[in-house]
Amino acid sequence: MNLSKPPKHIRFLDCHLNSKVRRCLFLISIALIFRALFLLTTPLAFKHNTIFDYWFSTSSSHHLVHDNSSGGGIRSDKFLEVPQIAWGLNNQKIAVARAFLTARMLNRTLLLPSLSASLFYKEVNLLQSVTFDKIFQFDKFNSLCNGFVQLGRFSDISNKTDVFDLNKGSGRKWTMERDLEQLRKVKQDPGIDGYEVIRILGKNPFLWHDHWPVRDYANVFECLVLVDEITEEAERVVSRIREIGSQVIESKTGPLPRTQQPYYVAVHMRIEKDWMIHCKKLQQRNNVTQICSSKEEILERVGNIVGINQQPTVVYLAVADDLLVDGSVLSGWKEGLLPYEKKKLGVWDIYKKYPYLIQSAIDYEVCLRADVFVGNSYSTFSSLIVLERSQKLLRTGAVTEGSSCTTNGNESGGSSIKWPSYAYNILGESGGPKKWMTNMSDTSLQAISYGSNDVSC
């Protein structure tokens with residue numbers, strides 16, 4: 001008998017057990033590898049989200065799952081160049097985000113885009129060009145969006161001639177599906193992907209097709225931090241608003257506690273002549289009536305917001321004064337509401353030294369920081385402010401996903417939610433404007449880019 005070998009039944013049992021152990025170890029190893037890959041490709045700035053949050057932010061039934069084939073984040077040696085970005089400030093912000101998400105899909109760094117300081121009315125030759133980093137902080141953007149999207153400079157390019165020109169289609173025949181297929185082919189074609197720079201030719205990026213959910217756009221918007229100069233100017237305007245509010249309240253009720261700041265309401269008042277022409281055409285095209293609002297309708301609905309006129313309250317009017325037909329925007333407000341625009345507020349000197357784009361950026365910040373914001377749901381300016389305010393509510397835990405306009409378990413009401421937003425073009429409760437929050441689970445930016453009567457609440 002060979003004493004070095006165990007009996008056959010023992011050897012069989014040992015082999016069977018070893019096989020199971022090896023299989024278990026193999027499966028555990030595979031799981032650990034997948035977990036490591038996930039952690040590498042998850043944006044550092046968004047690690048607090050669960051795996052399900054991240055999946056929903058980067059995919060949907062008809063959207064791409066964004067994968068970085070290099071396994072180490074967005075490539076810094078491959079670039080995407082886009083045409084000059086035009087239109088209004090917030091259309092330009094959407095265009096910037098759309099360009100970044102296109103670059104992300106192609107696993108490339110977006111080269112510093114050129115914005116437009118002036119409004120775009122088809123006179124392309126009159127556009128005042130301004131680079132992204134004159135409006136938004138370059139390094140701050142890359143820090144906040146690290147691993148999700150990346151911004152680069154033209155000086156980062158090693159070979160200026162290694163460029164592939166990609167023509168974007170246009171017209172009715174250029175559908176969303178064709179646009180998406182073009183991007184997929186570019187990514188999958190090693191001949192095209194091998195170029196150091198892909199330069200897109202065609203319409204400005206705001207008019208490109210949308211292939212990404214609202215969450216992806218919101219992530220990019222959170223990284224767009226204004227340069228210090230613009231932020232400081234906005235702070236001066238907000239300080240002036242609160243200073244006037246304090247003076248009015250103290251004249252009636254006595255000194256305010258040091259810890260208490262008077263709140264203010266910001267109204268994005270769209271009654272300028274260019275807007276009225278645009279919105280009336282939209283109403284005819286969409287066969288709806290809830291887009292345009294007269295001055296009288298805005299004043300009435302803002303005045304019916306529950307609780308805002310319990311004490312004297314400053315109402316800041318974000319309005320393009322030089323485009324107004326009716327200059328009497330300061331008259332007709334309900335008692336307790338004190339309307340101010342730039343000139344009456346005494347801050348016109350701050351605005352007038354800047355081109356349109358920066359004036360609009362200052363107004364955006366003033367409205368964003370308001371305790372109550374009221375805008376038009378068909379305005380991109382208003383829609384992006386509400387998106388950022390909704391994102392802020394979610395980030396701070398003031399509301400939870402899917403809770404709509406409720407907070408901390410309370411039913412929605414006049415003052416049950418922090419930083420409430422309203423759409424004055426849609427009738428809400430008690431004759432006031434409709435409460436408004438962005439649907440962060442929406443699969444596209446369509447409702448924000450072109451307006452909607454569905455304001456989530």
Side-chain angles (χ1 to χ4, degrees), residues 43-46 48-49 53-54 56-58 63 66 74 82 85 87-105 110 112-113 115 132-133 135-151 204-206 208 210-227 230-231 234 268 357-358 360-370 373 375 377 379-396 399 401 419 421 436-452 456:
L44 298 178
F46 311 107
H48 58 276
N49 292 343
D53 291 332
Y54 180 71
F56 276 115
S57 75
T58 54
H63 289 79
H66 301 301
I74 301 297
V82 298
I85 293 168
W87 302 96
L89 169 69
N90 292 284
N91 286 343
Q92 292 191 54
K93 288 174 72 173
I94 289 174
V96 164
R98 197 160 286 167
F100 271 114
L101 294 173
T102 302
R104 172 175 165 78
M105 178 194 167
L110 182 68
L112 196 68
L115 308 180
F132 174 96
D133 57 349
I135 308 297
F136 303 105
Q137 295 185 38
F138 183 99
D139 292 332
K140 189 74 171 179
F141 181 91
N142 277 341
S143 173
L144 292 173
C145 266
N146 182 27
F148 186 66
V149 293
Q150 186 167 297
L151 181 64
N204 101 75
F206 173 68
W208 293 358
D210 179 19
H211 306 298
W212 297 278
V214 168
R215 287 182 188 276
D216 282 3
Y217 281 98
N219 287 343
V220 176
F221 293 144
E222 281 191 300
C223 303
L224 295 174
V225 179
L226 291 169
V227 295
I230 300 175
T231 300
H268 181 218
L357 188 70
I358 296 178
S360 187
I362 295 171
D363 253 6
Y364 185 93
E365 280 296 302
V366 175
C367 291
L368 185 64
R369 300 182 191 196
F373 173 72
S377 67
S379 161
T380 310
F381 183 98
S382 294
S383 295
L384 286 191
I385 287 173
V386 175
L387 183 150
E388 286 204 49
R389 290 167 71 91
S390 300
Q391 182 84 328
K392 181 180 179 181
L393 288 167
L394 288 169
R395 290 283 190 225
T396 58
V399 297
E401 187 66 42
W419 312 300
S421 301
W436 186 4
M437 278 188 68
T438 301
N439 178 8
M440 303 302 290
S441 299
D442 211 332
T443 55
S444 83
L445 208 67
Q446 176 76 17
I448 292 168
S449 300
Y450 299 102
S452 171
S456 181

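The figures here come from the full heavy-atom set of this structure, side chains too, leaving out hydrogens, waters and symmetry mates.
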Show your working on salt bridge (charged side-chain N to carboxylate O under 4.0 Å, His left out) between Arg369 and Glu365 and close with a plain yes or no. CA-CA 6 Å; Arg369 300 182 191 196; Glu365 280 296 302; 3.4 Å; yes
Could you tell me whether the side chain of Arg98 and the main chain of Trp208 form a donor-acceptor pair under 3.5 Å? yes
Is the side chain of Gln137 donor-acceptor paired with the backbone N or O of Val227 at a distance under 3.5 Å, no angle test? no
I'd like to know if Glu388 and Arg395 make a salt bridge, using a cut-off of under 4.0 Å between side-chain N and carboxylate O. no
Taking Leu357's backbone N and O only, do any of them form a donor-acceptor pair with Ser360's side chain (distance below 3.5 Å, no angle check)? no
Looking at every non-hydrogen atom in both residues, tell me the closest pair between Met437 and Leu393 and how far apart they are. CE-CD1, 4.1 Å
Provide the closest heavy-atom pair for Thr380 versus Ile94 in the form atom of the first, atom of the second, distance. CG2-CD1, 3.6 Å
Using modelled atom types only, decide if a donor and an acceptor are shared between the side chain of Asp210 and the backbone of Ser444 within a distance under 3.5 Å. no
When you measure from the side chain of Asp442 to the backbone of Val214, do you find a donor-acceptor pair of N or O atoms at a distance under 3.5 Å? no
Mind checking whether Phe221 and Phe100 have ring centres under 6.0 Å apart? no
When you measure from the side chain of Ser452 to the backbone N and O of Ala447, does any donor-acceptor pair fall under 3.5 Å? no
Closest approach of Cys367 and Arg389, non-hydrogen atoms and distance? O-NH1, 3.5 Å
Does Arg215 reach the main-chain N or O of Ser441 with its side chain, forming a donor-acceptor pair under 3.5 Å? no
What orientation do Tyr450 and Phe206 show, parallel under 30°, tilted 30 to 60°, or perpendicular over 60°? tilted
Once rounded to the nearest 0.5 Å, what's the spacing between atom CD1 of Ile74 and atom CG of Asn142? 11.0 Å
Can you give me the closest heavy-atom contact between Val82 and Pro113, atom names plus distance? CG2-CB, 4.2 Å
Close side-chain approach of Tyr217 and Leu387, heavy atoms under 4.5 Å: no
Main chain of Ile358, side chain of Tyr364: is a donor-acceptor contact present, judged purely on distance under 3.5 Å? no
So which atom in Phe132 and which in Leu151 form the shortest heavy-atom distance, rounded to 0.1 Å? CE2-CD2, 3.4 Å
So, the side chain of Ser390 versus the backbone of Thr438: is there a donor-acceptor pair under 3.5 Å, distance only? yes
Looking only at heavy atoms, the pair that brings Ala234 and Val366 closest together is O-CG2, 4.1 Å
With no hydrogens and no angle check, is any side-chain donor or acceptor of Ser143 less than 3.5 Å from a backbone partner on Asp139? no
Please tell me if the side chains of Leu110 and Gln150 come closer than 4.5 Å, counting only heavy atoms from C-beta onward. no
